[in-house]
Amino acid sequence: MSKFIAFPKDFVWGCAASAYQVEGAWNEDGKGPSIWDTFVHAPGHVVNGENGDVAVDHYHRYKEDVALMKELGLDAYRFSISWARVMPGGTGGVNQAGLDFYDRLVDELLKHKIEPYACLFHYDLPQALQDKGGWPNRDTAYAFAEYARVVTERLSDRVRIWMTHNEPWVTAMAGYFAGEHAPGIKDVKSAFKALHHLLLSHGLAAESIRAFARQPVKVGITLNLNPVHPTSQSKKDRDAASRVDTVLNRATLDPLLKGTSPIHEFSIGKLLSRSLIKPGDLEKICTLDLLGVNYYTRTVARYDPKFPVVAAAQIHPEGNEYSGMWEIYPEGIYELLVRIKKDYQPICDIMVTENGVPVPDGLDFDGRVRDERRIRYLRDHIAQIHRAIDEGVPVKGYFHWSLMDNFEWAHGYDQRFGLVYVDFKTQKRTIKDSGHWFSRVMQTNGYEY
Ligand code: FCB
């Protein structure tokens with residue numbers, strides 16, 4: 001028998017997006033190139049050679065998009081700011097026209113009573129800083145703190161919630177180890193250096209934001225986290241899963257929530273110079289008012305000595321549904337939230353800042369988009385979040401990824417994640433069935449499950 005699952009009274013419902021994936025206008029109004037501009041314009045990096053030059057043209061259509069958010073009934077919108085739009089060279093000169101765009105966006109959101117959650121970095125490093133070494137260079141962390149100051153000075157009279165980074169682990173590992181994201185580097189040492197400097201830059205930016213904010217603010221970060229399961233109960237597989245967990249989850253959670261680093265406990269640490277983590281770094285990193293959890297899937301691992309660093313291979317078990325990108329595993333979000341509470345006892349707020357599924361949606365004969373799979377995915381995942389809240393994990397909000405279909409990095413426009421369908425040729429927006437479903441959930445603060 002189904003019952004109504006009700007969320008806490010002040011639970012925040014929202015959607016998330018990122019600058020490069022939606023804005024377009026890649027070279028307008030004084031914006032400098034980012035590493036994603038460079039990466040997509042070189043052949044072989046993105047499905048069908050696609051790019052985000054236009055994306056879903058949010059830069060020009062933000063009013064229409066905020067009106068859609070209003071129609072759906074969002075409490076909050078999490079967006080990212082393009083560093084290269086604000087500071088085309090990464091440091092030094094500020095491009096006022098670039099800042100003006102975020103100014104207009106924030107005003108438009110507030111006009112419709114939608115709380116802006118501003119994220120300072122979602123993968124798109126100014127190319128000028130990559131030319132000086134990118135995230136593996138410690139100086140980039142200090143440049144980030146300067147950029148944080150510039151944006152805080154302009155927007156913090158209206159923006160109260162600041163996220164420094166989106167998924168620093170992905171920035172480091174997909175960008176500098178796997179080479180699947182910009183800047184396309186494949187070097188394990190660079191990736192771990194990048195990860196430490198990204199975390200350090202969180203701490204330095206948190207200091208800037210708090211020092212220059214024009215009202216009390218919250219400073220958070222958003223992490224990609226996956227529960228890691230061994231494929232069998234053998235000691236080898238369990239140890240393999242534990243190593244993957246260290247690299248995937250503890251590498252960011254420990255520094256941010258405990259002020260410790262697991263890197264040197266672990267074989268990869270031996271590749272890195274001891275001086276990577278300087279005295280005082282971990283104290284700086286360990287500061288959070290809000291932990292954002294992005295959840296899409298779990299990882300299942302098997303011992304396999306062929307793989308470097310973790311001696312583990314990822315396997316895709318039978319028995320569950322899969323999407324165009326991942327296994328669908330709703331219990332994982334519950335497991336993760338309970339584990340964060342148990343292992344870290346965080347004193348900061350916790351929110352789910354991304355969750356969603358790609359579905360090969362299309363317009364039906366009558367112009368509707370019947371994305372039943374997404375509705376099922378959301379029902380099952382949000383119910384698991386409710387279960388964690390029931391068991392005492394203080395989850396304060398949920399952001400769906402994403403508001404609209406958009407540019408999905410190396411997958412180009414192949415994977416549609418939106419509650420709103422976008423015809424990429426005409427830029428016409430159509431609310432999908434899942435958008436209508438989510439809208440009702442937000443209005444009634446829960447649903448029958
Ligand atoms: C997350 C990213 C986001 C989007 C979703 C599907 O890892 O933060 O930009 O690509 O995955």
Side-chain angles (χ1 to χ4, degrees), residues 14-24 34-36 39-40 45-47 50-52 55-56 58 77-83 117-125 163-178 180-182 191 195 198 202 220-227 248-249 251-252 290-299 314 322-329 332-333 336 351-361 371 373-374 377-378 381 398-420 422 434:
C15 283
S18 89
Y20 188 73
Q21 292 177 278
V22 298
E23 285 178 2
S34 81
I35 54 174
W36 269 92
F39 191 69
V40 299
H45 291 144
V46 178
V47 168
E50 289 163 343
N51 62 53
V56 291
H58 175 71
Y77 176 56
R78 181 183 150 237
F79 61 96
S80 82
I81 293 172
S82 153
W83 186 347
Y117 279 53
C119 178
L120 290 171
F121 189 85
H122 200 126
Y123 308 163
D124 47 353
L125 186 72
M163 308 303 280
T164 54
H165 281 283
N166 176 78
E167 304 187 347
W169 188 93
V170 171
T171 302
M173 298 301 155
Y176 294 90
F177 175 51
E180 287 163 4
H181 277 192
L195 184 60
L198 281 152
H202 159 79
I221 196 166
T222 275
L223 303 177
N224 55 294
L225 300 169
N226 292 4
L248 196 57
N249 299 314
T252 50
L290 167 61
L291 173 66
V293 175
N294 289 359
Y295 176 76
Y296 290 94
T297 190
R298 66 167 169 174
T299 299
Q314 184 179 3
Y322 284 76
S323 73
M325 284 163 72
W326 297 298
E327 182 190 7
I328 297 179
Y329 190 75
I333 181 71
L336 201 55
M351 286 189 175
V352 174
T353 40
E354 279 183 30
N355 174 239
V357 65
V359 179
D361 302 317
D371 55 338
R373 172 181 264 192
R374 179 169 293 104
Y377 180 98
L378 293 181
H381 283 73
Y398 174 89
F399 289 72
H400 180 259
W401 183 271
S402 184
L403 175 72
M404 298 177 282
D405 296 336
N406 59 47
F407 177 76
E408 180 47 39
W409 309 115
H411 297 274
Y413 295 95
D414 254 19
Q415 303 290 337
R416 292 177 176 270
F417 275 93
L419 296 174
V420 174
V422 180
S434 61

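These numbers were taken from a predicted model, which means no experiment stands behind them. Atoms within a ligand are numbered from 1 in the order they appear, just like the ligands themselves. No hydrogens, no waters, no symmetry mates; every other heavy atom, side chains included, goes into these values.
For ligand 1, residues of the protein lying within 4.0 angstrom by heavy-atom distance are Gln21, His122, Tyr123, Asn166, Glu167, Tyr296, Glu354, Trp401, Glu408, Trp409, Phe417.
Stacking of Arg78 on the aromatic ring of Phe399 is not recorded, the 6.0 Å distance cut-off and the 45° axial limit not both being met.
Put simply, the side chain of Ser80 never gets that close to the backbone of Cys119: no donor and acceptor are under 3.5 Å apart.
A side-chain donor from one of Asn294 and Glu354 sits under 3.5 Å from a side-chain acceptor of the other.
With rounding to the nearest 0.5 angstrom, the CZ atom of Phe417 is 14.5 Å from the CG atom of Leu403. Here Thr171 contributes atom OG1 and His122 contributes atom NE2; the two are 8.0 Å apart, rounded to the nearest 0.5 Å.
Among Tyr123, Phe79, Phe407, the one residue that satisfies the ring pair (Phe, Tyr, Trp, His ring centres under 6.0 Å) test with Tyr20 is Phe407.
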